[in-house]
Amino acid sequence: MSVNSKRVFYVKYLANPVYIDILKARSDVRLDRIENESPEDFYAPILGAAHVYQIGAARDELAPHFHVDAALLKRTPNLLLVSSNGAGFDPVDVEACTDAGVLVVNQSGGNAHSVAEHALAMMLTLSKRIIQSDRRLRREANVNRNELVGNEVEHKTVGIIGLGNVGRRIAALCKGLLGMKVLAYDPYLSKEVMAERGGEKVELDELLRRADFVSISCPLNKGSRNMISVREFGLMQPHAYFITTARGFIHDEDALLQALRDKRIAGAGLDVWSKEPPPPEHPLLQFDNVLASPHTAGVTIEARQNMGRIAAEQVLETLDGKRPPRIINPEVWPVYAERFRQAFGVTPG
């Protein structure tokens, strides 16, 4: 294989510089960087030659013309693989990639510990009313602590929607560390598998009715978009908290706003938004019982290093003709394999 014959590019950022270090060790791989503002005469040849697009997972951090859709795929005739920096892949039209014979992979599990810890931190902060206490101390004199009585989470019930890499870690922390009861909704897992992961399998409505904390950790797809809306918030208990560290658009922000205004739930911990980051005037940010972060649940030093490393390793495995472990669209494999053979002269498997 000639020097730099395998072409990889990214736009704006990577999870961690370790990605560059790992790819640079390979003389047969060339890595190009494009900026959101790069002129077309600079980036067009890179797109045209690329075999791999290492793409950011946050849709609002990439210029729209660098999102992977049918239009971009027409400009990348040699593209074989789209690799997301994270577990999510919001800027990627997976169906369009499948139609074009392009494999899509993510880095699921790489930041699971970080995201799970964030969800637990939100639960504890809201339940102990730490956020309200902090805000009142900064605004008022002679704060009456008896007006800020919180609750312990021990022996409470957490309902986890999505018992994958993150959800199972939330379950382990809540059950093992805090002695909580864990209910879980995941239509893709059996009762036995969910029990092994620490959750009691229930339907969504039952979870919402019984849980003291509802935690979202499922991916965003057609089935989960607006999964939690007016009806679902109406099923939750008045003392329950809603926590999401998954993706915006899984919950309906307007429905959550109304539920908080009507005091149908006790509060919310929000790490993901329909627009990221949300503007300071966002109505949900005006509630003292809403704990907010700008999609930083998976943003830790450790998680970023891990994500960068496994992303680089997975890209190189794929370019070496191996089957990557985190495929989003496995149905495309036969078409992809033939395109790979035509590009590099070997059949992957």
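Computation of the quantities below employed the complete heavy-atom set of this structure, encompassing side-chain atoms and omitting hydrogens, waters and symmetry-equivalent molecules.
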For Lys156, does its backbone N or O pair with a side-chain atom of Asp212 as donor and acceptor, under 3.5 Å? no

Are any non-hydrogen side-chain atoms of His118 and Thr296 less than 4.5 angstrom apart? yes

Restricting to non-hydrogen atoms, name the atom on Pro91 and the atom on Ala57 that form the minimum distance, rounded to 0.1 Å. CD-O, 3.6 Å

Non-hydrogen atoms of Gly199 and Ala184 that approach each other most closely: CA-CB, 4.3 Å

Evaluate the side-chain proximity of Glu232 to Ser229: yes if any heavy-atom separation is below 4.5 Å, no if none is. yes

Do Asp271 and Ser293 meet the criterion of a side-chain donor-acceptor pair at a distance under 3.5 Å? yes

Hits for side chain to side chain contact (heavy atoms under 4.5 Å, CB included) against Tyr13, two or more places apart or cross-chain, chain-then-number order -> Ala58, Glu61, Asn85

Given the rule in the side-chain hydrogen bond (donor to acceptor under 3.5 Å, both in side chains) test, do His282 and Glu253 qualify, once you have shown the distances and angles that lead to the verdict? CA-CA 10 Å; His282 194 294; Glu253 289 186 356; 3.0 Å; yes

Starting from the C-alpha separation in whole Å, work towards a yes-or-no answer on side chain to side chain contact (heavy atoms under 4.5 Å, CB included) for Ile216 and Phe242. CA-CA 8 Å; Ile216 310 293; Phe242 176 76; 3.6 Å; yes

State whether the side chain of Gln54 and the backbone N or O of Ala312 hold a donor-acceptor pair below 3.5 Å, judged by distance alone. no

What's the separation between atom NZ in Lys181 and atom NZ in Lys175, rounded to the nearest 0.5 Å? 8.0 Å

Find out whether Pro348 and Trp333 are in side-chain contact, i.e. whether some heavy atom of one side chain is under 4.5 Å from a heavy atom of the other. yes

Only one of Arg129, Arg138, Arg139, Arg136 forms a salt bridge (charged side-chain N to carboxylate O under 4.0 Å, His left out) with Asp288, so which one is it? Arg139

Could you check whether any side-chain heavy atom of Ile243 comes within less than 4.5 Å of a side-chain heavy atom of Val158, counting everything from C-beta outward? no

Test your reading of the model: is there a side-chain donor-acceptor pair from Gln305 to the backbone of Pro17, 3.5 Å cut-off? no

Check Ser217 against Gly162 and note the closest heavy-atom contact, atom names and distance. OG-O, 2.6 Å

Do side-chain atoms of Arg247 reach the backbone of Asp90 as a donor and acceptor pair under 3.5 angstrom? no

Would you call Ile130 and Ser133 a side-chain contact if the rule is heavy atoms closer than 4.5 Å? no

Decide side chain to side chain contact (heavy atoms under 4.5 Å, CB included) for Leu177 and Leu120; before the verdict, give the C-alpha distance in whole Å, the side-chain angles of both, and the deciding distance to 0.1 Å. CA-CA 11 Å; Leu177 183 65; Leu120 182 60; 4.2 Å; yes

So, does Asn111 use its side chain to make a donor-acceptor pair with the main chain of Arg304 at under 3.5 Å? no

Please tell me if the side chains of Val8 and Tyr19 come closer than 4.5 Å, counting only heavy atoms from C-beta onward. yes

I'd like to check the salt bridge (Lys or Arg N to Asp or Glu O under 4.0 Å) partners of Lys222; sequence neighbours left out, ordered by chain and number. Glu95

State whether Arg341 and Glu338 are salt-bridged, where the test is any N-O pair (Lys NZ or Arg NE/NH1/NH2 against Asp/Glu carboxylate O) under 4.0 Å. yes

Between Val94 and the options Asp99, Val332, Val82, Ile328, the side-chain contact (heavy atoms from CB on, under 4.5 Å) test singles out Ile328

Point-to-point distance, once rounded to the nearest 0.5 Å, from CG of Leu220 to NE2 of His251: 11.5 Å

Any non-hydrogen side-chain atom of Tyr43 less than 4.5 Å from a side-chain atom of Val11? no

Is a donor on one side and an acceptor on the other found under 3.5 Å between the side chain of Thr300 and the backbone of Ala303? yes

Check whether Val104 and Phe9 end up in the same hydrophobic cluster, where Ile, Leu, Val, Met, Phe, Trp and Tyr are linked by side-chain heavy atoms less than 4.5 Å apart. yes

CD1/Ile46 to CG/Asp32 distance, rounded to the nearest 0.5 angstrom? 4.0 Å

Just so I know, are the side chains of Val92 and Ser84 near enough to count as touching, which here means a heavy-atom distance under 4.5 Å? no

Between Arg231 and Asp205, is the closest basic N to carboxylate O distance under 4.0 Å? yes

Without swapping roles, check the side chain of Asp252 against the backbone of Ala255 for a donor-acceptor pair under 3.5 Å. yes

Pairwise distance CG(Asn142) to CG(Leu137) - rounded to 0.5 angstrom: 10.5 Å

Just by modelled atom types, is the Arg264 backbone N or O under 3.5 Å from a matching donor or acceptor in the Asp262 side chain? no

When you compare the side chains of Arg59 and His67, does any donor N or O come within less than 3.5 Å of an acceptor on the partner? no

List the atom of Leu163, the atom of Ala171, and the distance in Å for their closest heavy-atom pair. CD1-CB, 4.3 Å

Examine distances only and state if a side-chain atom of Lys201 and a backbone atom of Asp186 form a donor-acceptor pair shorter than 3.5 Å. yes

Using the rule that Ile, Leu, Val, Met, Phe, Trp and Tyr join whenever any side-chain heavy atoms are under 4.5 Å apart, tell me whether Leu285 and Leu260 fall into a single cluster. yes

Looking only at non-hydrogen atoms, find the nearest pair between Gly308 and Val18 and report the distance. C-CG1, 3.7 Å

How long is the span from the CZ atom in Phe66 to the CG atom in Leu72, to the nearest 0.5 Å? 8.0 Å

Report the C-alpha separation of Tyr53 and Tyr10 in whole Å, then their side-chain angles, then the decisive distance to 0.1 Å, and conclude whether the ring pair (Phe, Tyr, Trp, His ring centres under 6.0 Å) test is met. CA-CA 6 Å; Tyr53 182 2; Tyr10 67 99; 9.3 Å; no

Which heavy atom in Val193 sits nearest to a heavy atom in Leu189, and how many Å separate them? CG1-CD2, 4.1 Å

Quick check on Glu35: does its CD atom have over 12 non-hydrogen neighbours (other residues, nucleotides or ligands) under 6.0 Å away? yes

Transitively linked via ILVMFWY side-chain contacts under 4.5 Å: Leu173 with Leu126? yes

Cluster question for you: counting only ILVMFWY and a side-chain heavy-atom cut-off of under 4.5 Å, with indirect links fine, are Phe213 and Ile131 together? yes

With a 6.0 Å cut-off (strictly less than), is the heavy-atom count around CD of Gln342, excluding the residue itself, greater than 12? yes

Row check, Phe344 ring normal vs Lys6 NZ/CZ: under 6.0 Å, within 45°: yes

Do the side chain of His51 and the main chain of Arg7 share a donor and acceptor less than 3.5 angstrom apart? yes

Interatomic spacing from CD1 in Ile228 to CG in Leu208 - rounded to 0.5 Å: 5.0 Å

Cluster link Ile55 to Ile327, ILVMFWY, side chain under 4.5 Å: no

Test: Lys322 and Asp320 ion pair at under 4.0 Å: no

Please determine, by modelled atom types, if Asn306 and Glu302 share a side-chain donor-acceptor pair under 3.5 angstrom. no

Go through it in stages, so that I can follow the logic: the residues are Arg210 and Val202, the test is side chain to side chain contact (heavy atoms under 4.5 Å, CB included), and I'd like the CA-CA distance, side-chain angles, deciding distance and then a yes or no. CA-CA 10 Å; Arg210 292 173 56 187; Val202 296; 4.2 Å; yes

Leu183 and Glu206: CA distance, side-chain angles, deciding distance, side chain to side chain contact (heavy atoms under 4.5 Å, CB included) verdict: CA-CA 9 Å; Leu183 305 178; Glu206 182 180 354; 5.6 Å; no

